[in-house]
Amino acid sequence: MNQLLSGSNQEENIVAVYPSSDRSMRVYTRKTNGITSQEVEFYPFFFLSSSKFLKDFPKKHWIKELNGNNYYRYLCAFSSWLEMWDAIRYVMMRYNENASTKADSYSELPIIHVRTDPVAQFLKQSGRTLFKGMKFDDLHRMQINIKTHTKHGFNLSNPHRAEDRIGIIALSDNRGWEFVINGKGLSEKEMLIELIQIIKQKDYDVIEGHNIYNFTLPYLLTRCEMFEIDFAIGRDDSVPHPFDKRLSYTERSLDYSSFEISGRHIIDTFQILQTYDASKRSLENYSLNHAAQHFGFAKKDRAYIQPDRINRYLDDEPETLIQCCLDDNHEICQLSEFLSPNIFYMTQMLPFNFGTVARLGASAKIESLLLREYIRQKHSIPKPDISSQTLGGYTDIFYTGILGPIVDADVESLYPSIMLSEKISPYTETLGIFQPLLDELTKMRINAKRKMETVPDPHEKRKHDAIQSAFKTLINSFYGYLGYNRALFNDSKAADQIVRNGHKILKQIITTITDLGGEVIEVDTDRVFFTPPQNINNEPEEKKFLKKIKKHLQPAITLLINGRYQKMLSYKKKNYALLGYDSKVKIKGASLISRNMERFGREFIQGCIEGLLQDDIGKVHEQYAKYNKLIFNRQLMLSDFARTEYLRESSDEYNKAVETGTRNRAASYEVAIKSNIPWKPGDKVSYYFTGDDPNIKGFENCKLADEWDSNFPDENIQYYLKRLDEFAKKFEEFFSENDFHAIFSVDDLFVFSPKGIKILTTRIKSEIKEVIEEKYESIHVEPKILLDDESE
DNA sequence: GGACTCCGTATACC
DNA sequence: ACGGGTATACGGAGTCC
């Protein structure tokens with residue numbers, strides 16, 4: 001493999017790298033007869049804009065002047081981690097002598113660039129990576145899952161509470177071994193000692209759990225402290241070290257505590273599941289059992305035990321609970337086998353530990369590849385450019401209503417293809433490695449994909465699929481990196497150029513489809529929904545049609561069928577529903593399926609959409625009548641009308657923002673405050689609305705879901721009836737005024753009849769060109785681009 | 001007091 | 001320690017008549 005991608009050091013079978021002192025790293029290698037380790041010197045370093053800031057620094061250090069004219073022109077190295085931090089403080093002091101605004105921490109120092117992960121530093125400077133020459137299955141992985149006693153009257157088990165305790169520790173591994181440490185015959189202290197012995201003796205590379213960071217590990221550590229045992233499960237007999245709580249940004253943000261175990265890796269399936277779903281968005285929640293069912297590896301005959309019944313099972317039916325735990329372990333193992341290989345194969349390329357690759361964002365990964373090569377070639381590096389990207393993907397809608405048949409086509413790797421064909425790279429990237437990196441990754445991916453398709457062995461197939469998807473993850477990060485305001489090699493003009501090309505290609509596709517007799521319904525970035533010309537009515541014909549379109553596009557651009565459907569309900573941009581040939585309905589978009597919509601609203605909308613797609617207007621009316629009645633008669637369950645929202649801000653941030661008037665009060669936060677529920681960002685809260693006026697102020701009339709009492713229901717019926725009408729309003733544009741009122745009403749005088757009711761289809765736009773020109777004008781692009789567009 | 005606008009937040013799409 | 005822009009919905013607060 002190309003050294004740009006894999007680093008310059010080809011050492012194989014490294015399973016872990018951890019600091020063994022403040023001046024050395026321990027490199028753990030798997031040999032046929034077990035793990036060996038080796039101590040390697042390590043020189044911590046940072047980049048500096050001018051050597052004057054380190055002038056007269058008293059401790060031993062090296063300053064290397066780098067090639068080229070980029071901003072960070074000096075590489076400063078030290079013989080220990082502590083001395084590097086001394087140097088950082090020294091630089092800060094020197095900087096503050098003349099600075100108008102003083103820096104309080106290294107992160108505020110514009111003149112220094114430092115990554116404070118010692119393992120990443122070591123891997124970058126040595127060119128090593130983990131796992132070279134290994135397959136995912138070579139890793140020795142253990143799954144752990146504990147069940148705990150909770151003091152009577154409490155919902156959550158708390159390791160700090162003496163009356164709570166660990167009841168069961170279930171263990172398993174990827175070699176088929178299973179073991180249960182049962183609290184029935186053992187004291188909790190004995191259980192913990194046995195656990196430590198097993199981990200040491202079996203010497204696992206990876207420890208996996210669902211929510212292991214926020215529950216399992218902190219729980220075990222706290223109990224060990226209570227019994228004054230060292231939880232010494234590191235390969236060097238050290239205890240897990242917690243490190244600063246960090247925010248992980250997906251579309252949801254959450255706070256989590258992290259731990260490191262020397263010589264081993266921690267994989268939290270809860271966390272990698274969320275990362276996975278950030279792009280796929282197919283999961284309703286992130287519980288282990290839901291994920292296992294969703295992906296289809298839950299055992300058919302297994303039992304599930306609700307958290308509030310664990311105490312009872314621990315006391316009365318431990319065998320049932322134990323089987324349940326082992327089934328959970330099996331699901332953790334499967335979930336990891338589904339999601340981790342992608343991370344594993346990226347770790348073969350990137351200068352990070354396994355767990356770090358799982359945690360880091362796309363941008364940090366690309367940047368690490370660039371920096372590793374800049375360090376190797378002793379070349380200066382730029383600082384981030386402050387200008388920002390001005391353009392984004394092209395979205396448009398041409399019809400609303402019910403349409404079909406539908407072809408859902410997307411451009412294969414739109415942005416990466418443009419970057420390669422236009423040879424786009426950051427203007428500060430003077431070594432010229434951005435293009436070769438992207439080019440090589442693309443070639444490697446095509447190779448892996450070909451192998452995936454041609455090897456007969458399903459095991460090998462899965463391996464090559466994981467490899468190609470690791471490449472894909474990296475390839476897709478290049479564009480985002482260019483527009484990221486804190487990336488060292490960012491280039492907003494380059495990002496805009498890519499997007500502009502994307503607009504142009506999409507426009508060509510739309511025009512071609514229309515010219516060839518198809519009708520485009522909706523477009524988003526690299527995806528087109530259209531109805532093909534009438535004579536085309538099966539998949540091979542549709543594929544042929546795509547090939548015909550391709551002839552009108554530049555050679556690098558390929559259109560693929562992403563899906564085909566009987567019908568589409570087109571509502572708004574990014575909001576639609578599809579009826580498959582298997583009669584399944586898929587609903588997309590925040591205004592149709594948002595998670596924070598009350599459940600009755602989601603189900604009502606879903607029922608209406610099904611009715612519309614099945615041409616069954618009677619069903620649509622039934623939905624309205626049904627929910628109207630359920631609400632009015634207080635027959636909805638709490639979970640049907642309660643709203644569940646994430647609290648993204650801390651209580652301090654929220655209160656401060658409200659006080660200073662920069663944000664409004666919101667029911668979710670007010671409920672938590674009123675009910676004295678402490679929260680951290682990322683926690684969820686469920687609540688409902690009270691009162692009898694439909695036009696309430698939400699934050700003054702809300703109650704915690706837990707406070708609702710079925711004997712004294714106090715949900716605001718008038719408000720929820722109004723909500724139902726608001727949901728119904730989404731369908732207004734599909735009917736004439738009279739029809740709409742007939743369908744969405746409960747008039748007992750007449751029996752509803754769908755006869756004569758028509759679903760309306762509306763053409764939104766007839767001209768494609770003017771929309772795009774308008775967009776270009778609004779960003780003041782020179783007329784040349786408009787002329788280019790006209791000529792095509 | 002309703003209709004309207006403005007704004008920040010939340011969620012989702014690619 | 002944190003990829004990007006685009007889009008819709010909603011609730012609260014202010015303004016106008």
Side-chain angles (χ1 to χ4, degrees), chain A residues 107 114-117 120 243-254 256 258 277-281 356 359-367 384 388-397 408 410-411 414-415 473-474 476-487 489-490 492 494-496 498-499 502-503 506 522-529 562 571-576 587-597 601 643-649 653-654 657-658 661-670 689 695-702 723 726-727 729-730 775 779:
Chain A
S107 57
V114 58
R115 286 269 177 264
T116 59
D117 173 349
F243 57 98
D244 15 340
K245 284 193 161 184
R246 277 172 193 158
L247 281 173
S248 142
Y249 290 103
T250 50
E251 267 169 13
R252 286 167 286 284
S253 71
L254 70 158
Y256 63 96
S258 266
D277 197 54
S279 59
K280 295 274 181 194
R281 269 166 265 262
T356 313
R359 209 177 54 236
L360 287 178
S363 194
K365 291 175 183 138
I366 297 300
E367 191 153 284
S388 56
Q389 195 178 336
T390 58
L391 293 175
Y394 169 44
T395 15
D396 213 341
I397 185 166
D408 163 13
D410 61 3
V411 183
L414 177 64
Y415 288 171
T473 308
L474 291 175
N476 288 339
S477 307
F478 277 69
Y479 156 74
Y481 181 79
L482 291 175
Y484 179 38
N485 62 349
R486 303 191 60 179
F489 293 90
N490 64 359
S492 57
D496 280 341
I498 295 162
V499 171
H503 287 199
L506 258 287
E522 197 188 316
V523 179
D524 190 347
T525 312
D526 59 352
R527 200 168 176 195
V528 186
F529 292 97
N562 201 33
Y571 176 54
K572 290 196 152 105
K573 290 176 183 177
K574 297 177 195 281
N575 287 273
Y576 56 86
I587 303 174
K588 293 280 177 180
S591 66
L592 301 177
I593 49 147
S594 176
R595 274 176 167 97
N596 72 353
M597 228 178 241
R643 209 182 280 185
T644 302
E645 279 168 23
Y646 284 94
L647 302 170
R648 316 180 111 225
E649 291 174 42
E653 285 165 343
Y654 173 77
V658 169
T662 51
R663 74 161 288 163
N664 292 323
R665 291 184 188 280
S668 49
Y669 291 92
E670 295 300 321
F689 292 111
N695 300 310
I696 45 161
K697 263 186 193 166
F699 71 86
E700 288 170 351
N701 295 275
C702 49
R723 282 293 281 164
E726 282 168 6
F727 293 135
K729 246 192 156 62
K730 292 179 192 291
K775 278 205 169 180
I779 53 134

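Residue numbers start from 1 in every chain, and the chains themselves are labelled A, B, ... in the order their sequence lines are given, proteins ahead of strands.
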| field | Glu522(A)/Tyr576(A) under side-chain hydrogen bond (donor to acceptor under 3.5 Å, both in side chains): CA gap, chis, key distance, verdict | value | CA-CA 9 Å; Glu522(A) 197 188 316; Tyr576(A) 56 86; over 6 Å; no
| task | Could you tell me whether Arg723(A) and Glu726(A) have a side-chain N and a carboxylate O separated by less than 4.0 Å? | result | yes
Protein-nucleotide distance ([X], atom [atom1]; [N], atom [atom2]), rounded to Å:
X: Glu649(A); N: dG8(B); atom1: CD; atom2: P; value: 13 Å
X: Ile366(A); N: dG4(C); atom1: CD1; atom2: C1'; value: 14 Å
X: Ile498(A); N: dG3(C); atom1: CD1; atom2: C1'; value: 12 Å
X: Asn575(A); N: dC10(C); atom1: CG; atom2: P; value: 11 Å
X: Lys588(A); N: dT11(B); atom1: NZ; atom2: C1'; value: 13 Å
X: Phe727(A); N: dC10(C); atom1: CZ; atom2: C1'; value: 11 Å
X: Met597(A); N: dA10(B); atom1: CE; atom2: P; value: 17 Å
X: Glu522(A); N: dT6(C); atom1: CD; atom2: C1'; value: 12 Å

Counting only side-chain N and O atoms of [X], is one of them less than 4.0 Å from OP1 or OP2 of [N]?
X: Lys574(A); N: dC13(B); result: no
X: Arg595(A); N: dA12(B); result: yes
X: Tyr394(A); N: dC13(B); result: no
X: Arg643(A); N: dG11(C); result: yes

| note | Closest to the 5' end of DNA chain C, once Lys730(A) and Arg486(A) are matched to their nearest nucleotides, is Arg486(A)
| query | Quick one: on DNA chain C, does Asn664(A) or Arg723(A) contact a more 5' nucleotide (nearest heavy atom)? | reply | Arg723(A)
Side chain of [X] (C-beta onward), nearest among [options]:
X: Tyr484(A); options: dA10(B), dC2(C), dA7(C); result: dC2(C)
X: Arg648(A); options: dG4(C), dC13(B), dT11(B); result: dT11(B)
X: Arg663(A); options: dG3(C), dT9(B), dT8(C); result: dT9(B)
X: Lys572(A); options: dG8(B), dT8(C), dT11(B); result: dT8(C)
X: Asn596(A); options: dT11(B), dC14(B), dG8(B); result: dT11(B)
X: Thr395(A); options: dC14(B), dA9(C), dA7(C); result: dA7(C)
X: Thr116(A); options: dT11(B), dA9(C), dA1(C); result: dA1(C)

| Parallel, tilted or perpendicular, as decided by the 30° and 60° cut-offs, for the rings of Tyr669(A) and Tyr654(A) | parallel
Determine the contact category for [X]: base if any of its heavy atoms lies under 4.0 Å from a base atom, sugar-phosphate if only primed atoms, P, OP1 or OP2 are that close, otherwise nothing.
X: Leu360(A); answer: sugar-phosphate
X: Arg115(A); answer: nothing
X: Tyr576(A); answer: sugar-phosphate
X: Ala364(A); answer: sugar-phosphate
X: Ser107(A); answer: nothing
X: Ser477(A); answer: nothing
X: Tyr654(A); answer: nothing
X: Tyr571(A); answer: sugar-phosphate
X: Ala590(A); answer: base

| query | Under the 3.5 angstrom rule, does the side chain of Thr662(A) hit a backbone N or O of Ala657(A) as a donor-acceptor pair? | reply | yes
| Quick one: does Asn562(A)'s side chain have a donor or acceptor within less than 3.5 Å of a partner on Asp410(A)'s backbone? | no
| task | Ignoring hydrogens and angles, answer whether the base of dC14(B) and the side-chain atoms of Arg527(A) contain a donor-acceptor pair closer than 3.5 Å. | result | no
| note | Re dG3(C): Watson-Crick or G-U wobble partner, both distances kept under 3.5 Å, found to be none
| query | Paired with dT5(B): which nucleotide, if any, by Watson-Crick or G-U wobble criteria at under 3.5 Å for both distances? | reply | dA13(C)
| said: Using the rule given for side-chain hydrogen bond (donor to acceptor under 3.5 Å, both in side chains), can you reason through Ser591(A) versus Asn575(A), listing the C-alpha separation, both sets of side-chain angles and the distance that settles it, and then say yes or no? | reply: CA-CA 7 Å; Ser591(A) 66; Asn575(A) 287 273; 2.8 Å; yes
| said: So if I apply the side-chain contact (heavy atoms from CB on, under 4.5 Å) rule between Val523(A) and each of Thr395(A), Ile397(A), Leu506(A), which one comes out positive? | reply: Leu506(A)
